[in-house]
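To start, the structure itself, in structure tokens.
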There are 2 protein chains.
Amino acid sequence: MNVGEVAALAGVTVRTLHHYDRIGLLSPSGRTAAGYRRYSAADLDRLHQVLLYRELGFPLEEVATLLDDPSADPAAHLRRQHRLLRDRLERTQAMVAAVEKEMEAMAMGISLTPEERFELFGDWLPEEYEQEAEERWGDTEAWSQSQARTRAYTKEDWVRIKAEGEDVEARMAAALQAGVAPDSPQAMDLAEEARQQISRNFYDCPPEMHAGLGRMYVEDERFTAHYERRTPGLAGWVSTAVQANAARQGA
Amino acid sequence: MNVGEVAALAGVTVRTLHHYDRIGLLSPSGRTAAGYRRYSAADLDRLHQVLLYRELGFPLEEVATLLDDPSADPAAHLRRQHRLLRDRLERTQAMVAAVEKEMEAMAMGISLTPEERFELFGDWLPEEYEQEAEERWGDTEAWSQSQARTRAYTKEDWVRIKAEGEDVEARMAAALQAGVAPDSPQAMDLAEEARQQISRNFYDCPPEMHAGLGRMYVEDERFTAHYERRTPGLAGWVSTAVQANAARQGA
DNA sequence: GCACAGCCTGACGTCGCGTCAGGGTCAAGC
DNA sequence: GCTTGACCCTGACGCGACGTCAGGCTGTGC
């Protein structure tokens, strides 16, 4: 792909891509004879990561070191991005609540003190700090353990993990065909097994998050197709089971 | 207050305040004989607005015109901030969902297409655009009408509005003392009346938002005190009634 | 074969501050 | 009354992440 196409796809300007090339953050993997930049699928992948981290407030130099860190596999990036995004979500919710509070205070004729108003800004570590905390977290045992966990997978590990996943999926398909209701305890147990498998092998997946994934299984055709290829109706069955299981866990 | 104190309170640097002074965005209302900047409560108020709009991605110059616009009263700013924050909330939720989708895709061995990955960035109007849309919205009839609505209040209007609020509160207190259950239809009707009053006189307050306010009545001592001063137990009663009413409306 | 969109490389401009430098101010303690 | 150390002032330069020309080459549809 040429710069213009990439820029349009990613929602950035051509100048931005030039800039990323110049500073070595994202150099296209090829050039035409005339010197035109040519971006590969892998380049797009990297650009995606860059834009995510950039939106999360990281300076570009920092982004480069993050992405070039050989000890960070894709799963590690996803985990970090997920955590940072959830932090941001919390912060935004707090700000919405604060504004609603002010609205209500106005309607009731109460006036808030400056301290109350600045609460959000005061004890808020600006986004730069997030990465600092992130770096510190990065050195913690739990983190590096979980990181080491996925990184240390050998080819055989992957085969085993794949097989585990296959196994649960097959048992779900069998249950569906045997007429087991997706909100039955048996189905929920299978869903729970799948959840724990994800948590063990990939990333921490609390019930609430698993419920979100369950919804996606029927909303996103890619995932629907994955299940439907095995057995028609399986996507919906798994989706319901996963959500029922999450509800059972109190999510 | 001196610059240092203000900076500490607001979570910004002294240099930032100097900068805002230089560009005329926020000039302290006074100086000491020695030239020290002295910030009043009104200055703090303005700083608060500045920081909010800044965090929402507005360039400082834009912030200045927004805040100096004589046709925008405090309520108008709150409404705008509320809308922008809710947009941001939605966007962040979408990003969280996207990352979770990628995590799951990885676990399932599916790989997403670049188009899917860039969806978020593609059709997303970067925050600058928000203000543009905002400005366009700003010229729409509905908006200027509602803006004119609050701005046009005379002193008598305020007295009337205050009286309206007093009236509903008094009837709520009476209901409480008469032993009316806060989740009874009668209580919910009073809550609904209060909600419509807010929507009429101040800002659009859908049931869902009203429910959030209801929670605040018991969580925030300022609002709790407002109700408890009138009648002990009223804060909790109103809170329950408001939330029950919101639930009744399907929120 | 030519118009016109798209690509290239400098190079300078901008925004929102960070970071000195060089010097006055103020409250506390001796 | 004098020092000391924290706090304040005004320039002035620097920086990150691009925006915005300028001047010139490339690729394609008619």
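Worth knowing before you read on, the calculation uses all heavy atoms, side chains too, and leaves out hydrogens, waters and symmetry mates. Every chain is numbered from 1, with letters handed out A, B, ... down the list of sequences. Everything quoted here is computed from the prediction, not taken from an experiment.
Taking only side-chain nitrogens and oxygens, Arg31(A) comes nearer than 4.0 Å to OP1 or OP2 of dT9(C). For His18(B), a side-chain nitrogen or oxygen approaches OP1 or OP2 of dC9(D) to under 4.0 Å. OP1 or OP2 of dC17(C) has at least one side-chain nitrogen or oxygen of Arg54(B) nearer than 4.0 Å. Remark: Thr16(A) is not in phosphate contact with dA17(D), judged by side-chain N or O atoms under 4.0 Å from OP1 or OP2. When the side-chain nitrogen and oxygen atoms of Thr13(A) are compared with OP1 and OP2 of dG19(D), one or more of them lie within a distance under 4.0 Å. Taking 4.0 angstrom as the limit, Arg37(A) places a side-chain polar atom (N or O) nearer than this to OP1 or OP2 of dC8(C). Put simply, Tyr36(B) has no side-chain N or O that comes within less than 4.0 Å of OP1 or OP2 on dG24(C).
The existence of a salt bridge linking Arg37(A) and Asp43(A) is excluded, since no basic side-chain nitrogen approaches an acidic carboxylate oxygen closer than 4.0 Å.
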Residues Arg54(A), Glu62(A); criterion salt bridge (charged side-chain N to carboxylate O under 4.0 Å, His left out); working and verdict: CA-CA 9 Å; Arg54(A) 183 187 72 166; Glu62(A) 199 77 34; over 6 Å; no
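Atom CE in Met1(A) sits roughly 15 Å away from atom C1' in dC7(C) (whole-Å rounding). Leu17(A) has its CG atom 15 Å from the P atom of dG6(C), to the nearest Å. Rounded to whole Å, the distance from CD on Glu55(A) to C1' on dA17(D) is 15 Å. Between Leu60(A) atom CG and dC15(D) atom P the separation is 16 Å, expressed in whole Å. Computed from coordinates, the Glu5(B) CD to dC8(D) C1' distance equals 12 Å when rounded to whole Å. One interatomic measurement links the two molecules: CZ of Arg15(A) to P of dA17(D), which rounds to 12 Å at whole-angstrom precision. We find that CZ of Phe58(A) is positioned 13 Å from P of dA17(D), with the value rounded to whole Å. The CG-C1' distance, from Leu51(A) to dA17(D), rounds to 13 Å in whole Å.
Remark: Gln93(B) CD is packed, more than 12 non-hydrogen atoms of other residues, nucleotides or ligands lying under 6.0 Å away.
Nearest-nucleotide positions on DNA chain C for Gly4(A) and His19(B) put Gly4(A) closer to the 5' end. Between Tyr20(B) and Asp21(A), it is Asp21(A) whose nearest contact on DNA chain C lies nearer the 5' terminus. Residue-to-nucleotide proximity on DNA chain D shows that, of Ala34(A) and Gly35(B), the 5′-proximal contact is made by Gly35(B).
Using modelled atom types, no side-chain atom of Ser27(B) and backbone atom of Gly24(B) make a donor-acceptor pair closer than 3.5 Å.
The two residues Leu17(B) and Ala7(B) make their nearest non-hydrogen contact at CD1-N, 3.8 Å.
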